[in-house]
Structure formats: C-alpha cells, structure tokens
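I have placed the structure first, in the form of structure tokens, so that the comments after it can refer back to it.
Every chain is numbered from 1 and lettered A, B, ... according to where its sequence line falls, protein lines coming before strand lines.
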2 protein chains.
Amino acid sequence: MKIYDEHLIRNGIRPSVQRLKIFEFLHKNHNHPTADNIYEALLPAIPTLSKTTVYNTLNRFVDKGLAVVVNIDEHEARYDANTSAHGHFKCISCGGFFDIHFPEPDIKLPKGFQAENYHLNIKGYCKVCNEKKNR
Amino acid sequence: MKIYDEHLIRNGIRPSVQRLKIFEFLHKNHNHPTADNIYEALLPAIPTLSKTTVYNTLNRFVDKGLAVVVNIDEHEARYDANTSAHGHFKCISCGGFFDIHFPEPDIKLPKGFQAENYHLNIKGYCKVCNEKKNR
DNA sequence: ACTTAATTTGTAATCATTACAAAAATGAAT
DNA sequence: ATTCATTTTTGTAATGATTACAAATTAAGT
Ligand SMILES: [Mn+2]
Ligand SMILES: [Mn+2]
Ligand SMILES: [Zn+2]
Ligand SMILES: [Zn+2]
C-alpha cells in the first residue's frame, strides 16, 4: 500500500516488507493486538518472519509516535495505531477490550512538567458480564 | 500497629507479621515501591521473608481493594496504598515518579459497563529534565 | 495435646521481552 | 557489474519479573 509506505517514510522509517506489513496490520486491526498476535497473524504471509523483528518494529513505531502501547495489565503489552487521545477498558471477567472516548481531560500537571502522552486505563465489567453478575 | 491490624481484619485479611509489615510499609512509603523494593526493605526486619510472600500479599491487597498496582511501564509493577482517585506521572528521562491529582473525570462508559478502577498514567519530562532539555 | 486449616517458604517453571552476533538485504560509489 | 559500507532481519541465548507448587511452619479450634 502506497499510503502506508509514505506514512513510514514521512516518519523516518524505511519501509521494509516486514515493517510495512506490521504497520498495515495495526491499521486494519483495531483490536489492540499483542506482539505475539501480530507475529502469528503475519507468519503465513512472511514465513521467515522473526519475533524479534516484530518487537523491534513495534518499539520503533512507539518511539516515533506511530503507535502507542497499552499496558492495562502487566504481562500484556497491546499495540494501537490510533494515537489520538482515548482510553481503554478491560473487562476483568471475560477479558474483553474496548476503546473509551472521553472529553479533553483538564489535568493540571505540576509547574514545569511536560506530558508526552496520556494513558487512561479502566478495568471493570462489560455489559454482558455485568448483567450476568447482577442476577 | 493496632490501626493497621484492624484495617486488615476489617477487610478479611488475617494480620500475620509479614502482611502487617508489608501493609505498614506501603502506608509509610508513598514512593510507589515495587515488590522487590518491599522485599529488600523488609528483609532486615524479617530475615526469613520470602519474595513469594511479598507477591502473594500484594496480590491479596489489590484483590481486596487495599492497594492499587500501577502499570505505567511494562516490567515495572508499582504498588500504592493510596486507593483514592489519582494519576501517576513518570519522567522518561530521569525515571522520577509523581502523583498527579486531577478533578473528578467526566468519563461516560458505554451503556451497561461498570468500572472498578481508573488508572491515569502520564509520561513526559519532569521539571528539572524539561529545563535541561530546553537549553 | 491433637487435628485441621491457613500461611509461609524455597525452588522450579513460565513467559514475554531483550541482547547479541551472524546472515541477508539494501544502497551508494566506483 | 563489483565492491564496500550500512541497515535490517533472523535465530538463539539470556534476562528478569511473576507464578506454580509442594513441603514446612504457624495458627486456630476442639
Ligand atoms: Mn485504542
Ligand atoms: Mn500514587
Ligand atoms: Zn466481560
Ligand atoms: Zn526527570
């Protein structure tokens, strides 16, 4: 895809096959995949793919601001190509994962502090698990 | 300490020496220690202490709502006895860690969802690192 | 004291991530 | 096209935090 190609170049990342496929996958799958999810998904298309490459590439994307990593749970780093301000909800019963949109938060940082990114992570019960629980 | 004792009992946790010391440590040290920090700090006082006990105890505290775990960075679970709504800031330059207080957030969850806890994690540059950078 | 349940401990296992060095691919220069 | 340097990818080994598990210890109840 030409458009992803240019997106990478514009951010100083040379678009190798591996990087391009990973970037494309992130943009087409908004289910916040883990590094392993991505690896497994792309293996058929790139049989020589190494998991190290997936990690290297994702770390580079995050460094360059092309993706964010969501650490809502320890031992589970999920990646998101949507870098606009939004939060995440994880159901502690079924594990369901959802984007949460919220109005521009009015957070006053201490004097002189400068924020690079915000992460709002919420845990609780999703609709179906909540109904199951209240019965 | 009698007061910590009762606090644990009230929440259905039998106050063993280990649990009491860990709970007390969390309440007296607001620097968001890791499990290992706690283990190292208490080892002189409880020479037989096991790291497994520290983990088991912290997990129990979190389950019962007596503490929260802050996953602002992967590979770094920090514990906080302050369970009231507040956020955390980590300096990506010096590693400094700060509490962030913010006005009651107005977050609308999807219909039927129920939140158990909110986590606001911010990364950026602290005052001194920011000044160092802009020079 | 005896019996049972709860807690702690030590060790081994797990598992995601990183370190590292060799191999492969790419690009520029001759 | 060949050479040579640079970048990227790959495979394997190492790391390190957390958990699993079973034995040992401690506490509680009779
Ligand atoms: Mn998202
Ligand atoms: Mn805090
Ligand atoms: Zn659910
Ligand atoms: Zn700093």
>> Of all nucleotides in DNA chain C that come within under 4.0 Å of a heavy atom of chain B, which is furthest toward the 5' end and which toward the 3' end?
In response: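 For DNA chain C, the relevant span reads C/dA6 to C/dT17.
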
>> According to salt bridge (Lys or Arg N to Asp or Glu O under 4.0 Å), does anything in residues 81-95 of chain A pair up with another residue at least two apart or in another chain? List the pairs.
In response: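 Found A/Asp73-A/Lys90, A/Glu76-A/Lys90.
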
>> Suppose the criterion is salt bridge (Lys or Arg N to Asp or Glu O under 4.0 Å): which pairs have a residue in residues 42-60 of chain A, not counting sequence neighbours?
In response: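 Qualifying pairs: A/Asp36-A/Lys51.
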
> Who passes side-chain contact (heavy atoms from CB on, under 4.5 Å) against B/Asp63, sequence neighbours left out?
Replying inline: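 With neighbours one apart ignored, the set is empty.
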
> Counting only non-hydrogen atoms, which of residues 41-75 of chain A are less than 4.0 Å from DNA chain C?
Replying inline: A/Thr52, A/Tyr55, A/Asn59

> Do the non-hydrogen side-chain atoms of B/Lys28 and B/Tyr4 ever get within less than 4.5 Å of each other?
Replying inline: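 Yes, side chains in contact.
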
>> Considering only residues two or more places apart or on different chains, which pairs with a residue in residues 34-64 of chain B satisfy ring pair (Phe, Tyr, Trp, His ring centres under 6.0 Å)?
In response: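 Passing the test, one end in residues 34-64 of chain B: B/Phe23-B/Phe61.
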
> So which pairs with a foot in residues 74-93 of chain A pass ring pair (Phe, Tyr, Trp, His ring centres under 6.0 Å), sequence neighbours left out?
Replying inline: A/His32-A/His88, A/His86-A/His88, A/His86-A/His101, A/His88-A/Phe97, A/Phe89-B/Phe113

Could you pull out all residues at least two apart from [X] that satisfy side chain to side chain donor-acceptor pair (under 3.5 Å)?
| X | result |
| --- | --- |
| B/Thr34 | B/Asn37 |
| A/Lys64 | none |
| A/Thr48 | none |

Name each donor-acceptor pair under 3.5 Å that joins a side chain in residues 127-135 of chain B to protein atoms two or more places apart or in another chain, with its distance.
{"unit_1": "B/Asn130", "atom_1": "ND2", "unit_2": "A/Gly112", "atom_2": "O", "d": "2.9"}
{"unit_1": "B/Asn134", "atom_1": "ND2", "unit_2": "B/Asn130", "atom_2": "O", "d": "3.4"}

> If you look at every strand shown and take non-hydrogen atoms under 4.0 Å, does B/Gln18 touch a base, only sugar-phosphate, or nothing?
Replying inline: sugar-phosphate

> Can you check the A/Arg19 CZ to D/dT7 P distance for me, whole Å?
Replying inline: 11 Å

What protein N or O atoms touch nucleotides 22-28 of chain D N or O atoms at under 3.5 angstrom, if any, and at what distances?
none

